[in-house]
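Letters go in sequence order (proteins before strands), and every chain restarts at 1. On a predicted model such as this, the values are computed, not experimentally measured, just so you know.
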Amino acid sequence: MKSRKRFITDKIYQSLITLISLIGLVILIAVFVFVFNKGSSLLSWDLLTGDYYSTVYDGYYDSELTTNLFVAPDDLDSDTYFSTRWGIALKDDLDREGHDYILIVYVDTESPLANLPDKNNEGEMVYMASGQSLDKIIFSDNTIMLSSKGAEAAISQFESATGIKDIMFTTAGKGIRGSLITTMYLIILTLIVALPIGILTAIYLHEFAPKNNKLVNILRRMVEMLTGVPSIIFGLLGAAVFIPIVSTVTGTEGGNLISGSLTLAVIILPVIISSTEETLKTIPDEYRQASLALGATKSQTTFKVILKSSAPGILSAVLLSIGRIIGESAALIYAIGTSIKDEIIVTERSTSLAVHIWSVMSGETPNFELASAISIIILLVVFVMNLSVKMIVKKISY
Amino acid sequence: MENAFTINQLNLKYGEKKALDQITMDIPKNQITALIGPSGCGKSTLLRTLNRMNDLIDNVRIDGDIRYEEQDIFAKEYDVINLRTKVGMVFQKPNPFPMSIFDNIAYGPRCQGIKDRKVLQEIVERSLINAALYDEVKDRLKESAKELSGGQQQRLCIARAIAMEPDVILMDEPTSALDPIATAKIEDLILELKKKYTIVIVTHNMQQAARISDNTAFLLMGELIEYDKTDIIFSNPKETKTEEYITGRFG
Ligand SMILES: Nc1ncnc2c1ncn2[C@@H]1O[C@H](COP(=O)(O)OP(=O)(O)O)[C@@H](O)[C@H]1O
Ligand SMILES: [Mg+2]
């Protein structure tokens with residue numbers, strides 16, 4: 001009777017534990033599903049490699065139109081419209097902000113539109129190409145094509161037109177290449193600064209500092225405390241200390257990538273110190289003794305045996321730090337700025353992917369889709385980093 | 001008979017606790033000297049003073065003197081690193097580094113600045129042969145030392161010590177973590193090593209001391225009770241405490 005009761009309570013506890021862990025799992029999966037659902041439609045190579053800023057081109061065509069008819073390429077979709085007289089294909093699409101526009105799908109190499117005289121700069125040319133959007137046309141008979149009428153209407157106007165007074169088209173834009181590069185720069189520069197300092201500090205604290213020393217213990221406490229300080233406070237530090245220093249040294253002004261990296265380095269330093277020290281604690285004393293007994297010096301012991309055996313642990317600290325660098329936004333808003341850039345210069349403002357998401361979401365019309373697409377890219381970066389670190393660890397551990 | 005070590009009135013304290021009390025003894029060259037006695041009597045402590053591994057422990061106070069090759073090893077200007085290259089040590093628990101077999105053995109020579117791959121290869125092979133391990137591992141020198149069995153690991157540690165070409169090898173209960181077969185192999189090896197090295201071995205196992213050592217020192221509560229030729233200690237000890245210990249009446 002008693003054992004039956006015990007059996008039942010045990011079963012109840014077991015099911016409770018399973019249930020609660022399932023809830024956690026479902027929530028995590030739901031986050032992934034949500035992000036992928038929202039963002040996957042925008043995900044493309046162009047998003048990754050494209051410029052953020054679009055350029056508007058303005059051209060005209062006043063020559064005689066040849067009577068040759070162009071042939072549509074075979075692989076056009078059914079919702080794509082082709083002009084046989086002008087050799088271009090158009091289609092209706094939604095841009096990364098969610099607005100309707102006409103996408104230029106195809107421009108024949110012989111098409112008169114492939115190179116047009118520039119309306120604003122005498123003697124210059126502008127080039128229409130696939131991937132751009134078609135904004136507005138005034139034909140020579142003064143009829144106007146507006147993108148809001150759609151691709152089909154535009155093509156039928158093209159088919160009856162003989163010349164173009166003014167044609168405006170725009171490169172895609174809203175790409176995140178700049179922010180992706182900034183993020184990579186941040187990861188590399190931050191680790192270059194923080195890793196050596198962090199590892200050496202941990203080694204000092206654990207291997208060289210006098211044991212049971214009050215000052216050392218206070219230092220250690222402070223490091224531990226700093227791991228819990230909100231990053232926005234470090235951001236202030238970056239703005240107050242690093243920006244002026246870097247500006248003075250490089251002769252530039254305002255937030256910049258270097259200040260951002262230095263700020264991030266300060267943020268991850270306590271993490272690297274603590275986790276490296278935790279790793280050092282797990283290295284058996286036997287190794288130190290064996291090494292010293294072989295006539296190795298203390299520094300040889302530290303660098304050849306202790307540090308080498310701690311490499312896997314230190315690498316996971318690196319991984320943690322990379323996650324922190326990629327995810328950080330608050331501290332960076334001051335230190336590096338929020339201005340999205342296409343050309344990245346380390347002494348100037350730019351923005352990381354995380355802050356890019358913040359900008360996208362804090363505009364007048366928050367763009368969930370784009371934010372989600374960027375999130376997916378961040379997830380992928382983290383995933384790839386994780387995988388490669390795991391592989392390295394496997395390679396170097398004995 | 002030449003001595004490797006002469007120990008004179010050695011006292012050692014861990015904080016307030018006395019661990020070695022007025023130890024005076026000579027350790028002859030190219031012989032095996034065994035230190036026996038019950039747990040906590042100071043065998044390991046005595047062994048560790050011989051290559052100054054006690055330096056690593058806080059609060060250790062030592063007085064008296066130890067001469068190695070006639071030199072005072074506690075002298076201020078004495079080169080401890082050099083002492084440890086001449087006086088190797090094998091620990092109770094096999095403690096190979098988490099590296100390949102090759103790197104484990106090459107570690108000591110590398111720390112002395114030897115970089116030539118060929119020279120290192122030679123040292124590694126010779127050390128493994130002398131530690132009677134070569135045939136078992138010759139095809140996997142690049143593999144982790146941690147994958148070897150306990151007995152193999154301990155022989156690797158001996159090979160690692162031999163690689164330094166020391167004069168003395170200190171061994172602290174080198175077989176206590178091993179099974180009887182592995183123990184027998186190590187004992188054979190120790191007898192072989194005796195031809196070239198001075199060996200000081202701490203052992204818990206009296207048969208082992210009787211089997212392999214030339215001299216035996218019996219310690220009790222930090223004091224050296226009796227020190228003599230091994231056959232005398234085991235057949236005709238002068239002290240009753242020694243007799244009681246080796247006949248198993250205590251300890
Ligand atoms: N690092 C240490 N700190 C303090 N006391 C120690 C330390 N090492 C050993 N002792 C003490 O010194 C005495 C002798 O220890 P040890 O030399 O290890 O004995 P044995 O090897 O004969 O078992 C023991 O009482 C032990 O508790
Ligand atoms: Mg001991």
Side-chain angles (χ1 to χ4, degrees), chain A residues 199 202-217 220 275-276 278-317 389-398, chain B residues 44 47-48 50-59 79-113 142-148 153 156-157 159-166 169-172:
Chain A
I199 292 174
I203 285 177
Y204 172 76
L205 286 178
H206 193 258
E207 305 287 326
F208 291 94
K211 299 260 171 323
N212 301 320
N213 180 302
K214 264 224 178 87
L215 206 73
V216 173
N217 282 337
R220 191 175 280 129
S275 31
T276 305
E278 283 311 309
T279 311
L280 291 175
K281 276 186 201 156
T282 66
I283 307 299
D285 226 24
E286 300 162 5
Y287 295 163
R288 294 180 183 87
Q289 296 196 8
S291 169
L292 292 169
L294 284 166
T297 61
K298 181 123 194 191
S299 40
Q300 282 172 331
T301 303
T302 306
F303 288 100
K304 292 189 175 198
V305 178
I306 307 304
L307 206 53
K308 218 170 158 188
S309 330
S310 330
I314 293 174
L315 274 176
S316 12
V389 167
K390 291 265 157 63
M391 250 155 61
I392 297 173
V393 166
K394 215 168 163 189
K395 251 209 139 151
I396 60 170
S397 39
Y398 275 100
Chain B
S44 300
L47 197 73
R48 279 200 304 265
L50 296 180
N51 64 345
R52 284 192 44 187
M53 287 296 280
N54 279 326
D55 290 11
L56 312 180
I57 302 167
D58 300 328
N59 290 327
D79 183 352
V80 190
I81 303 284
N82 189 45
L83 173 71
R84 290 185 188 143
T85 62
K86 288 291 155 213
V87 181
M89 191 168 213
V90 175
F91 297 80
Q92 185 164 355
K93 213 176 123 213
N95 57 357
F97 299 126
M99 309 169 184
S100 70
I101 295 172
F102 186 98
D103 289 342
N104 258 279
I105 297 170
Y107 179 79
R110 275 181 178 145
C111 284
Q112 296 304 313
K142 291 252 174 335
E143 283 171 38
S144 168
K146 292 284 181 190
E147 254 133 58
L148 299 174
Q153 288 192 10
L156 180 76
C157 292
R160 189 171 64 182
I162 293 174
M164 297 299 297
E165 301 185 11
I169 302 174
L170 309 175
M171 301 185 173
D172 193 349

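- For a residue to count as touching a neighbouring chain, one of its non-hydrogen atoms must lie under 4.5 Å from one of that chain's; by this rule B:Met53 touches chain A with the side chain only.
- Contacts between B:Pro109 and chain A at a heavy-atom distance below 4.5 Å are absent for every atom of the residue.
- Atom NZ of A:Lys390 has 12 or fewer neighbouring heavy atoms from other residues, nucleotides or ligands inside a 6.0 Å radius.
- In plain terms, the two heavy atoms of A:Thr301 and B:Tyr107 that are nearest each other are CA-OH, 3.7 Å.
- Rounding to the nearest 0.5 angstrom, the gap separating the CD1 atom in A:Ile396 from the CE atom in B:Met99 is 12.5 Å.
- A pairwise comparison of heavy atoms in A:Ala290 and B:Phe91 identifies CA-CE1, 3.8 Å as the closest pair.
- Heavy atoms of B:Lys93 lying under 4.5 Å from chain A belong exclusively to its side chain.
- Contact of B:Arg160 with chain A is made through backbone and side chain together, with heavy-atom distances under 4.5 Å.
- Contact between A:Gly295 and B:Gln112 at its shortest, heavy atoms only, is O-NE2, 3.3 Å.
- Atoms CG and NZ, on B:Asn59 and A:Lys211 in that order, are 12.5 Å from each other to the nearest 0.5 Å.
- Heavy-atom pairs under 4.5 Å with chain B were tallied for A:Pro284, A:Ser291, A:Ser309; the largest tally goes to A:Ser291.
- Rounding to the nearest 0.5 Å places CD of A:Gln289 at 10.0 Å from CG of B:Asp172.
- Annotation for A:Tyr287 and B:Phe97: closest pair O-CE2, 3.4 Å, computed over non-hydrogen atoms.
- Heavy-atom pairs under 4.5 Å with chain A peak, among B:Gly88, B:Ser144, B:Pro96, at B:Ser144.
- Atom CG in A:Leu292 sits 11.5 Å away from atom CE in B:Met89 (nearest 0.5 Å).
- At a 4.5 Å heavy-atom cutoff, the contact between B:Leu56 and chain A is made by side-chain atoms alone.
- The greatest number of non-hydrogen atom pairs below 4.5 Å with chain B, out of A:Asn212, A:Leu294, A:Ile283, is found for A:Leu294.
- Comparing B:Glu143, B:Lys146, B:Lys86, B:Glu147 by how many heavy-atom pairs each has under 4.5 Å with chain A, the most go to B:Lys146.
- If you measure heavy-atom distances from B:Arg52 to chain A, you find no contacts under 4.5 Å at all.
- Only the backbone of B:Val87 comes within contact range of chain A, with heavy atoms under 4.5 Å apart.
- Not one N or O on the side chain of A:Glu286 forms a donor-acceptor pair closer than 3.5 Å with the backbone of B:Asn95.
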